[in-house]
Each structure stands twice: as C-alpha cells, then as structure tokens.
Amino acid sequence: MKLSKKSKTIYLSSSKRRRSKVTPKGLGLGIVGAGIILGVAFGFLPNAYQVSVGGEVIGVVSKKEYIDTALQTVEKQLETKYKTDVEIEGLDDLKRVHAKKKDMIDPNNLPTYLRENMDVTIKFQKLIVDGKEVAIIESPATLDELKDELKQVYFKDKEVNAKFTNDVKLEEVYTTEDKLVDMETLVDLCKKRQREEVTYTVQQGDSLWGIASKFNLTVDDLIGSNEGLTTNLKIGQEIKANVRVPVLGMEIVKEEPKEESKEEVKETP
C-alpha cells in the first residue's frame, strides 16, 4: 500500500507599508533651519547707499533723501554766508550696498562730510592790479572796504578823498573757500613795497634835492640812476628814479574850487 504525500501550500501575505511619522520636534527644527537660511540671505541684501567722491568712499547712508537734503543744506549755508552763487560737483553715482547701522553716517553730520570732500566752489572776485593777480576777495564791496583801510594806512584818515594810483580791475572767478583772503592779509599784500622805475619831469622851481626828497631818495641815488645828471636842471628835463612803491598805491584827489553859479536876472517888461 502506497502512501501519498500531500503537498502543503503556503500563502504569503502582502507586506505592510510603514509610514514615517513627523514629530513636533522635527518640525520645529525644520522651521528654525529655514529661518536661519532666510536670515543669512536677507542679512546680505543692500540696505544703504554708498557715498563716494572722485572714486573715494566717504561713507554710507540709509536713505537717498539724506544726500539730497545735505547738498541743499551746504549750498544754502554758503549762499547765505557770502550772498553769491555756489557750485557743488564731484559726487559719484550712488551704489546700493549692505551696511551695519553703526557704520552709517548720521544725517546731521552729512553736510560737513560733503563740504570737506566735494568740489565746492563759490563765485568770488579776483583783484587784479596793473595786470597782475593780487588776491581773491569776496565782492566789489570788499574793494571799497580796502580803499578805506589803505586811506588809514597812507594818510591816517579814512575820510580823505583819495583814489588808487594803479589800474585796478575785478574779475569773477569760481574757486574754493580757502582761497579767500581776509582783510588784514589783503591790506598787507597791497601796502607791500616793490621796486619800480619812474620818470619825473622837472617843473618850475624844482631842485635835485627836492626831487630826491619827493621819492624818499638821496641826491646820490638820483645821480646813480641818471648818467650825466647835475644840479643844473632844466624845465622839461626827465629824471629816472628807482623807488619802492606799494603794490596798490593811493593819492589824494585835489578838489577844484567850485564856481558860484550866477542866477540870471530877468528883466520885467
């Protein structure tokens, strides 16, 4: 008798899928990480304007409006001080940069930064005497003030009627504030003595000693400058004298006596 073997069938069950669960702790770490990344990214974004003059950086400001306001302030300050035109140049194109707040220029100090670094020129007057530049002065009114000061130096009287003995001109010029000369320095420049050769024509009653005294010289000085000169002078004779004269001289204006006007007498018919 044969025994038959029974086959055993094994059924495999389908595998169960495992789902990962997100824990609150993991979610929190993800949010923190994303925040750090965003913070770093935003931390390098431009938040200021770089101010530079002639390629040289002088600082940064948080708002463009601060620069415009500072430029207007500088211009107004100088126009009020000198009552003349002002030109401001040299500011480079603004560049957006990132900067820390502590490194930014205080808007209240920005006008000073700009005045010290930019090309700020003011319309002044160039004083020219006998074709040579003497100094930069503020305005034509300064020339009038100079005249009074030189009257005091030469004649000890500001009220005396006097005029310049030189050819004096003023020319407009745009230049920096540091080129302006103050009144004390201007007077010193103008009264400074310089060598000059002058020619004198002998008048009726002149003597060699009198002519020498007129130019604060000695008779020997005149003889040394004029070959063959003797004490025998002739009217119309020209004598050269090397004298020391001020850069800007003055002379008293002799007032001619006024003629009294005569009123016409009308005859009655």
Side-chain angles (χ1 to χ4, degrees), residues 82 122-260:
Y82 295 110
I122 307 167
K123 187 173 73 174
F124 290 135
Q125 300 290 326
K126 184 189 296 183
L127 175 61
I128 301 174
V129 177
D130 294 335
K132 297 180 180 179
E133 179 182 341
V134 174
I136 301 297
I137 64 176
E138 187 174 333
S139 67
T142 307
L143 184 60
D144 295 333
E145 185 180 350
L146 172 64
K147 182 182 290 186
D148 289 339
E149 293 297 326
L150 290 179
K151 286 180 185 179
Q152 184 64 36
V153 171
Y154 298 145
F155 313 115
K156 309 301 180 184
D157 184 3
K158 289 186 177 182
E159 303 301 323
V160 68
N161 185 14
K163 66 178 182 179
F164 294 126
T165 57
N166 307 75
D167 179 29
V168 180
K169 294 180 180 179
L170 293 178
E171 288 185 3
E172 290 183 356
V173 59
Y174 277 87
T175 187
T176 53
E177 192 176 11
D178 62 306
K179 296 296 194 317
L180 190 65
V181 174
D182 61 75
M183 184 54 64
E184 183 179 354
T185 303
L186 182 60
V187 171
D188 289 341
L189 288 172
C190 292
K191 72 179 185 180
K192 184 179 180 181
R193 298 277 172 170
Q194 57 184 2
R195 284 285 181 184
E196 183 177 293
E197 184 181 273
V198 298
T199 301
Y200 178 79
T201 303
V202 176
Q203 307 293 323
Q204 178 71 37
D206 279 340
S207 66
L208 200 57
W209 180 86
I211 296 172
S213 298
K214 187 187 297 289
F215 293 108
N216 197 26
L217 299 172
T218 65
V219 172
D220 289 339
D221 290 333
L222 290 181
I223 293 176
S225 300
N226 297 270
E227 186 177 354
L229 181 65
T230 66
T231 55
N232 296 321
L233 303 179
K234 297 179 180 179
I235 297 175
Q237 181 180 353
E238 293 186 344
I239 298 177
K240 295 179 181 179
N242 289 315
V243 297
R244 292 180 65 85
V245 297
V247 172
L248 182 54
M250 298 193 76
E251 63 182 6
I252 295 177
V253 177
K254 296 180 179 180
E255 297 183 1
E256 297 181 359
K258 297 180 180 179
E259 295 183 359
E260 296 182 0

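Just so we're clear, the structure is a prediction, and the values are computed from it rather than from any experiment.
- For the atom pair NZ of K151 and CD1 of I252, the computed distance is 10.0 Å after rounding to the nearest 0.5 Å.
- At least one side-chain heavy atom of L229 sits less than 4.5 Å from a side-chain heavy atom of Q237.
- Applying the side-chain hydrogen bond (donor to acceptor under 3.5 Å, both in side chains) test to pairs two or more places apart or on separate chains, none has a residue in residues 187-196.
- The list of salt bridge (Lys or Arg N to Asp or Glu O under 4.0 Å) pairs with a residue in residues 227-249, not counting sequence neighbours, is empty.
- Two residues are said to be in side-chain contact when any heavy atoms from C-beta on lie closer than 4.5 Å; T165 and V245 fail this criterion.
- Sorted by first and then second residue, the salt bridge (Lys or Arg N to Asp or Glu O under 4.0 Å) pairs involving residues 152-171 (not counting sequence neighbours) are E149-K158, K163-E251.
- For the side chain to side chain donor-acceptor pair (under 3.5 Å) test, no residue two or more places apart in sequence or in another chain qualifies with D148.
- Partners of D130 according to the side chain to side chain donor-acceptor pair (under 3.5 Å) rule, which considers only residues two or more places apart in sequence or in another chain, are N166.
- Atom CD1 of I136 sits about 8.5 Å away from atom NZ of K179, to the nearest 0.5 Å.
- Distance check: L127 CG to L186 CG gives 6.5 Å after rounding to the nearest 0.5 Å.
- Under the salt bridge (charged side-chain N to carboxylate O under 4.0 Å, His left out) criterion, E177 pairs with K81, R115, not counting sequence neighbours.
- Residues passing the side chain to side chain donor-acceptor pair (under 3.5 Å) test with T218, sequence neighbours excluded: D221.
- Counting only heavy atoms from C-beta outward, the side chains of L170 and I137 approach each other to under 4.5 Å.
- Closest approach of Y154 to P246, counting heavy atoms only: OH-CB, 3.3 Å.
- Residues passing the side chain to side chain contact (heavy atoms under 4.5 Å, CB included) test with S225 are N242, sequence neighbours excluded.
- Applying the side chain to side chain donor-acceptor pair (under 3.5 Å) test to N216 and every residue at least two apart in sequence or in another chain returns nothing.
- Taking the side chain to side chain contact (heavy atoms under 4.5 Å, CB included) definition, one finds that D178 meets it with T176, sequence neighbours left out.
- Here the side chains of I122 and L180 are not in contact, with every heavy-atom distance at 4.5 Å or above.
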Just distance, no hydrogens or angles: give the donor-acceptor pairs under 3.5 Å from side chains in residues 199-210, sequence neighbours left out.
{"residue": "Y200", "atom": "OH", "partner": "D206", "partner atom": "OD1", "Å": "3.4"}
{"residue": "Y200", "atom": "OH", "partner": "D206", "partner atom": "OD2", "Å": "2.6"}
{"residue": "Q203", "atom": "NE2", "partner": "T201", "partner atom": "O", "Å": "3.1"}
{"residue": "D206", "atom": "OD2", "partner": "Q203", "partner atom": "N", "Å": "2.7"}
{"residue": "S207", "atom": "OG", "partner": "G210", "partner atom": "N", "Å": "3.0"}

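- Closest approach of S139 and Q125 over heavy atoms only: CA-CG, 3.8 Å.
- Every residue meeting the ring pair (Phe, Tyr, Trp, His ring centres under 6.0 Å) condition with Y82, not counting sequence neighbours, appears here in chain and number order: F124.
- Within the 4.5 Å cutoff, the side chain of L146 has heavy atoms near those of the L248 side chain.
- Inter-residue side-chain proximity for L189 and V247 is flagged as unmet; no heavy-atom pair is nearer than 4.5 Å.
- With rounding to the nearest 0.5 angstrom, the CE atom of M183 is 9.0 Å from the SG atom of C190.
- Within 6.0 Å of CD on E184 lie no more than 12 heavy atoms contributed by other residues, nucleotides or ligands.
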